[in-house]
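From a predicted model like this one, the values you see are computed outputs, not experimental measurements.
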Amino acid sequence: MADRGQYVAYTFYRADPAWRRLPIDERTAGKDAFAETVEAFAPRFEHLRAYSCTGVRADCDFFLWKISEHYELLGELGAALNATPLAGWLETPYSYLATTKASQYTSARKARKITPRHSPYLVVYPFVKTRPWYALPFEQRQSAMDEHVRIGSEFASIHNHTTYSFGIDDQEFMTAFECDEPADFMHLMLTLRETEASSYTERDTPIFVGQLMDIRAVLDVLDGAASRVEA
């Protein structure tokens, strides 16, 4: 039996602008219930983190990065969050699922455990390779991936967490990179565009840049509560 590894999921949320017109007390109660649910589930996950995209993308405001060995826990959290008042005002424009496994391009026999660091930013995107990539001789693919890894290692402040979605979601991989500065990741991607492996990329969008925050801080950004000046 294959090593089960971890389930790694990303759920993105967008708040209905009409929610911001609700009374402050009602918004606060909704945010509290949502945050309390995330906080209650956090000890049951290996990792459960919140990231803000507010002010960066028009199609989502924040996302949750969820890591657990238990698939059913993802559904339990989703159901619990749906029971909160805020959920009635949230859309889920994107949601991704992946798992860990040992890479065929390394000597590892077991899946590498995803252990997030505490970098301030996380860049996430789904990734699909073209079918001709899989028709290449393994030695050619290995050489291309060796080049890819070598270039990535030159960017020491960027940490890669690649996971696999074959057969369980619409993409083939979910790629997540923790970094200290989003511009650093841009320079890495620009450099990787020149590699052989990059020529076999079919899709690597949409791309999300999230700022790591406490869930309550993430929710307070939604209606500007953290910036509000009381009269």
Residue among His159, His161, Arg117, His118 satisfying side chain to side chain donor-acceptor pair (under 3.5 Å) with Glu178: His161
Check against side chain to side chain contact (heavy atoms under 4.5 Å, CB included), Phe45 and Leu74: CA-CA 9 Å; Phe45 280 82; Leu74 301 174; 3.8 Å; yes
Gap between atom CG of Asp61 and atom CG of Leu90 - 0.5 Å precision: 8.5 Å
Residues that Glu46 engages under salt bridge (charged side-chain N to carboxylate O under 4.0 Å, His left out), provided they are two or more places apart: Lys113
salt_bridge(Arg193, Asp204) N-O dist < 4.0 Å: yes
Residues Asp59, Arg14: salt bridge by 4.0 Å N-O rule: no
Residues, nucleotides or ligands: over 12 heavy atoms within 6.0 Å of Tyr71 OH: no
When you measure from the side chain of [X] to the backbone of [Y], do you find a donor-acceptor pair of N or O atoms at a distance under 3.5 Å?
| X | Y | value |
| --- | --- | --- |
| Arg49 | Trp65 | no |
| Glu172 | Lys129 | yes |
| Thr195 | Leu192 | yes |

Residues forming a side chain to side chain donor-acceptor pair (under 3.5 Å) with Asp169, sequence neighbours excluded: Gln171
Qualifying residues under side chain to side chain donor-acceptor pair (under 3.5 Å), relative to Arg150, sequence neighbours excluded: Glu154
Taking only residues two or more places apart in sequence or in another chain, which ones pass ring-ring contact (aromatic ring centres under 6.0 Å, His included) with [X]?
| X | result |
| --- | --- |
| Phe208 | Phe12, Tyr94 |
| Phe185 | Phe177 |
| Tyr164 | Phe173 |

Within the 4.5 Å heavy-atom criterion, are [X] and [Y] side-chain neighbours or not?
| X | Y | answer |
| --- | --- | --- |
| Met174 | Val8 | no |
| Asp170 | Val128 | no |
| Asp180 | Ser119 | yes |

Tyr13/Phe62 under ring pair (Phe, Tyr, Trp, His ring centres under 6.0 Å): CA gap, chis, key distance, verdict: CA-CA 6 Å; Tyr13 298 94; Phe62 70 96; 4.9 Å; yes
Least distance between heavy atoms, Pro93 atom then Cys60 atom: CG-CB, 4.2 Å
Check against side chain to side chain contact (heavy atoms under 4.5 Å, CB included), Phe63 and Leu122: CA-CA 10 Å; Phe63 66 90; Leu122 183 69; 3.9 Å; yes
